[in-house]
**Student:** 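Provided herewith is a single structure, encoded as structure tokens, for subsequent inquiry.
Numbers restart at 1 for each chain; the letters A, B, ... are given by sequence-line order, proteins then strands.
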Amino acid sequence: MDVIFDPEITKNIIEGSLIYSNLLVLLSIGLTITYITTAVPNFAQGSFAIFGSYIALTMLRLFGIHPYTSLPIAFIFGGLLGIAAYIFILRPLISRGASVVILMIATLAFDLILLGIIGSYSDTLATITRKSASKFTFIPTDFTILSFSASLFVSSLVIILILASLVTLLYKTKFGIALRASMENPALAEVMGVNVEHTRIFSWFLSGALAAMAGCLLPFKYEVVPSTGAIIIVSIFASSIVGGLSTIYGALLGGYIIGFSETSVTYGLSTIFGSGILLYGRVVSLLVLVATLILAPKGLTGVKWRRLLWSK
Amino acid sequence: MEAIAMEQIILNIALWFGLYTIVSLSLNIEYGFAGIPNFGRALAVLMGAFTVGGIMNRILMFFFGIQGGALTEATGQLASNVNGIIASNPAFGIGLIFLAVVLSMIVGAVTGALFILPSAKLSEDYLAITLLAISEVAFMVFYYHTGIIGGYYGVSVPDVFAFIPGQYRSHAFAVLALFFAAVVYIFVERLLNSPYGRLLRAMRENESVVEAMGKSVMILRIKTAAIGSSIAAIAGALFSLYSVNVIATSFSRVEWTFYPFLMVLLGGAGNNRGVVVGTFTFVLVKIMLTMYKYEIKSALMLPFEAVWLEYILFGLLMYFVLLYRPEGLIKERPIFTAPIKKVVAKIKHEVA
């Protein structure tokens with residue numbers, strides 16, 4: 001099979017990979033930050049995103065507001081959902097001394113409840129607007145800037161803004177110091193007078209808010225159905241674990257690795273094995289995940305690179 | 001009319017009680033006893049269905065010389081041929097049931113051992129994530145790839161009870177499911193009431209102790225996942241034989257991972273009798289919800305499908321079980337082996 005280098009296709013593939021990676025980074029930062037503060041992997045993270053998608057859809061269908069404009073609204077409502085997940089589902093269980101497995105099952109249960117709510121809402125929205133809401137994209141509403149799709153710029157802008165404000169918050173403010181302290185050693189931070197509860201609530205707010213923003217942008221790239229969350233959760237976990245679940249930088253690194261391997265690498269493989277392979281992007285990210293677990297279970301940021309270099 | 005409807009409901013409950021008992025007991029070995037949070041239970045069930053739709057079908061196609069064409073059409077033709085033979089020769093149908101069950105147990109055991117391999121050394125949370133990820137990705141591949149079990153078209157499966165008149169077919173399958181559930185129950189009860197079962201409980205409580213005793217947690221996990229998956233695969237095979245077709249969408253995470261977890265936790269993890277009670281309660285509620293979904297929808301004037309309500313309801317039920325009754329309906333009992341009984345008797349004697 002001839003591999004023809006076509007700049008147009010290459011540009012599109014890289015553009016698509018970048019947008020997708022940006023969204024994965026948003027989702028996995030949220031997953032990682034709640035994992036650090038609460039020590040439970042949130043299996044509902046995917047549905048948090050779809051919750052955001054439906055907020056954007058509602059704004060678009062009912063009020064004609066463009067999804068890019070609803071990003072702040074999604075941020076706030078997503079954040080509230082995150083807080084609700086922590087306060088109503090996890091906190092009562094944690095205070096009863098539930099194990100990690102019980103907490104994980106609780107987030108699975110919350111995921112199912114959320115799926116039920118999103119599904120029933122989508123049917124309700126469809127009856128109100130007389131237009132099916134169980135499968136949708138925002139691609140027709142997107143526009144181009146300098147021959148690139150606007151979602152590339154918007155998602156990159158969101159990432160830059162979020163990272164800049166996170167870094168400022170974590171390293172320049174008193175609350176940030178408290179937050180970092182309670183991430184590294186909650187017991188010690190508590191002794192020093194830090195209210196660990198506040199930092200947990202904050203992390204869940206941030207997690208929900210970032211996921212909902214990612215969900216707002218997701219329909220620009222993929223068709224969204226109420227159960228999309230159950231599928232993208234695999235990629236979110238892969239990003240967080242490949243980067244390393246113990247630091248936020250891990251989510252950043254992992255998001256781009258998984259985002260690119262699911263789109264660009266899969267496309268590269270399809271030029272060798274035929275286009276049928278394009279459907280199986282998630283198999284590639286699963287393989288990356290499994291390889292990471294075997295070679296470096298703590299993720300790429302958990303590897304002591306300096307020691308590794310010295311030992312040779 | 002009423003009586004027939006009632007009979008159908010009871011048969012439905014019996015069938016699903018049988019199938020789900022097999023799956024939840026298999027999960028109880030892994031989660032309840034060994035403490036392995038297998039969030040990928042659905043994969044083993046799917047492998048059971050794959051055995052029937054993908055392996056047994058191909059063996060039969062080879063013997064009957066059916067080749068070529070899409071898998072969906074070829075299996076359709078195969079099913080009509082084989083049904084004719086089964087109708088005149090019941091032994092062939094019974095033989096197929098046992099072939100399906102034995103094959104699915106082998107396939108299930110191999111997949112179970114393989115799929116836990118990358119994470120067999122990891123902590124519980126990583127283990128759960130990896131198992132869920134593998135199961136979801138496998139589900140997707142089986143759904144998109146039309147060459148395994150027909151992908152989104154699905155494949156047909158011969159009716160193993162083609163010799164039984166149509167109106168008694170559900171009876172036969174209900175009895176079959178209950179029979180296998182009983183066999184699995186006796187097997188699991190005996191398996192776990194052994195040094196192996198006590199070792200599993202020890203691993204659940206403290207892995208370091210098990211390691212210190214010279215047992216490998218990794219090997220133990222692999223073994224347990226193999227046993228659990230091989231049992232769960234039986235349910236997948238039986239369900240495929242019952243529905244006479246196999247399509248990946250019937251093996252979703254909600255139905256075959258989340259619901260089994262709900263049944264195990266509702267009944268009482270680590271306690272087989274409790275799990276059976278939990279399964280029965282769950283199946284009763286679920287069948288009632290499915291039977292009356294249109295009535296519920298119109299009575300509450302819901303502007304949406306009742307299935308969404310089912311998800312919310314079972315999600316909440318799980319949450320309340322975790323919060324208010326984490327030990328389940330029937331609590332796990334302490335182990336009484338012969339030596340312990342002797343010690344207890346001695347203490348009682350001394351006190352008295």
Side-chain angles (χ1 to χ4, degrees), chain A residues 35 39-41 43 88-89 92-93 96-106 108-128 134 226-227 230-231 233-235 237-238 240-241 245 276 279-283 285-287 289-294 297, chain B residues 31 35-37 39 115 117-119 121-130 132-141 143-147 151 204 252-254 257-259 261-262 265 269 302-324 326:
Chain A
Y35 182 79
V40 50
F43 283 88
F88 295 117
I89 305 290
L93 288 169
R96 281 164 201 245
S99 67
V100 182
V101 177
I102 295 294
L103 294 179
M104 286 194 290
I105 296 172
L108 267 185
F110 188 63
D111 186 43
L112 192 64
I113 297 171
L114 211 53
L115 175 63
I117 293 173
I118 291 172
S120 45
Y121 177 73
S122 112
D123 285 358
T124 316
L125 187 68
T127 18
I128 295 171
S134 59
S227 60
I231 308 160
I233 192 74
V234 175
S235 310
F237 276 132
S240 287
I241 290 181
L245 264 174
L279 285 169
Y280 308 113
R282 282 205 172 73
V283 178
S285 55
L286 181 72
L287 292 178
L289 171 67
V290 167
T292 311
L293 288 176
I294 293 170
Chain B
Y31 172 68
I36 301 170
F39 283 13
F115 106 123
L117 213 50
S119 45
K121 275 182 177 171
L122 301 174
S123 60
E124 287 162 330
D125 40 4
Y126 278 75
L127 187 62
I129 293 171
T130 318
L132 181 121
I134 295 176
S135 161
E136 284 293 306
V137 170
F139 174 77
M140 210 192 70
V141 171
Y143 178 66
Y144 282 124
H145 199 294
T146 47
R204 180 190 66 194
S252 66
R253 182 172 88 201
V254 175
T257 299
F258 186 82
Y259 288 164
F261 260 100
L262 179 56
L265 285 160
L302 299 177
F304 49 81
E305 295 296 317
V307 62
W308 303 121
L309 195 69
E310 181 191 310
Y311 288 170
I312 299 175
L313 220 64
F314 284 132
L316 283 175
L317 177 64
M318 175 70 107
Y319 172 65
F320 287 123
V321 169
L322 292 179
L323 196 61
Y324 295 113

**Student:** Among residues at least two apart in sequence or on other chains, which ones pass side chain to side chain contact (heavy atoms under 4.5 Å, CB included) with A:Tyr35?
**Tutor:** A:Pro41, A:Leu245, B:Asp125, B:Tyr126

**Student:** I'd like to know which of B:Leu262, B:Leu309, B:Val137 tops the heavy-atom pair count under 4.5 Å against chain A.
**Tutor:** B:Val137

**Student:** Answer with side chain, backbone, both or neither: which region of A:Leu93 has an atom nearer than 4.5 Å to a non-hydrogen atom of chain B?
**Tutor:** both

**Student:** Using a 4.5 angstrom heavy-atom cutoff, name the option from A:Leu108, A:Val100, A:Val234, A:Ile102 with the most pairs to chain B.
**Tutor:** A:Leu108

**Student:** What part of A:Thr127 gets within 4.5 angstrom of chain B, counting heavy atoms only: side chain, backbone, both, or neither?
**Tutor:** side chain

**Student:** A:Ile117: what forms a side chain to side chain contact (heavy atoms under 4.5 Å, CB included) with it, not counting sequence neighbours?
**Tutor:** A:Ile113, B:Ile312

**Student:** Checking heavy atoms, do the side chain of B:Phe139, its backbone, both or neither come under 4.5 Å from chain A?
**Tutor:** neither

**Student:** When heavy-atom pairs shorter than 4.5 Å are enumerated against chain B, which of A:Val40, A:Ile89, A:Ile128 gives the highest number?
**Tutor:** A:Ile89

**Student:** Please name the pair of heavy atoms, one in A:Val290 and one in B:Pro118, separated by the smallest distance, quoted to 0.1 Å.
**Tutor:** CG1-CB, 3.7 Å

**Student:** Measure A:Ala230 against the heavy atoms of chain B and call it side chain, backbone, both or neither at under 4.5 Å.
**Tutor:** both

**Student:** Side chain, backbone, both or neither: which part of A:Arg96 has a heavy atom under 4.5 Å from chain B?
**Tutor:** side chain

**Student:** Looking at A:Gly116 and B:Tyr311, what are the two nearest heavy atoms and their distance?
**Tutor:** CA-CB, 4.0 Å

**Student:** For B:Ile134, is it the side chain, the backbone, both or neither that has a heavy atom under 4.5 Å from a heavy atom of chain A?
**Tutor:** both

**Student:** Can you tell me which portion of B:Leu122 sits under 4.5 Å from chain A's heavy atoms? Options are side chain, backbone, both or neither.
**Tutor:** side chain

**Student:** Quick one: which of A:Tyr121, A:Phe88, A:Phe110 has the most heavy-atom pairs under 4.5 Å with chain B, could you say?
**Tutor:** A:Phe88

**Student:** Is it the side chain or the backbone of A:Ala98 that comes within 4.5 Å of chain B heavy atoms, both, or neither?
**Tutor:** neither

**Student:** Centre-to-centre under 6.0 Å for B:Phe39 and B:Phe261, is that the case here?
**Tutor:** yes

**Student:** Is chain A contacted by the side chain of B:Val254, its backbone, both, or neither, given a heavy-atom distance below 4.5 Å?
**Tutor:** side chain

**Student:** Between the side chains of B:Arg253 and B:Ser135, is a donor N or O closer than 3.5 angstrom to an acceptor N or O?
**Tutor:** no

**Student:** Given that the side chain runs from C-beta out, which part of A:Ile241 has a heavy atom under 4.5 Å from chain B: side chain, backbone, both or neither?
**Tutor:** side chain

**Student:** Identify the two heavy atoms, one from A:Ile294 and one from A:Pro297, that lie closest to each other, and give their separation to 0.1 Å.
**Tutor:** O-CD, 4.4 Å

**Student:** Would you please indicate if the ring centroids of A:Phe237 and A:Phe43 are separated by under 6.0 Å?
**Tutor:** yes

**Student:** Looking at B:Ala133 and A:Leu286, what are the two nearest heavy atoms and their distance?
**Tutor:** CB-CD1, 3.8 Å

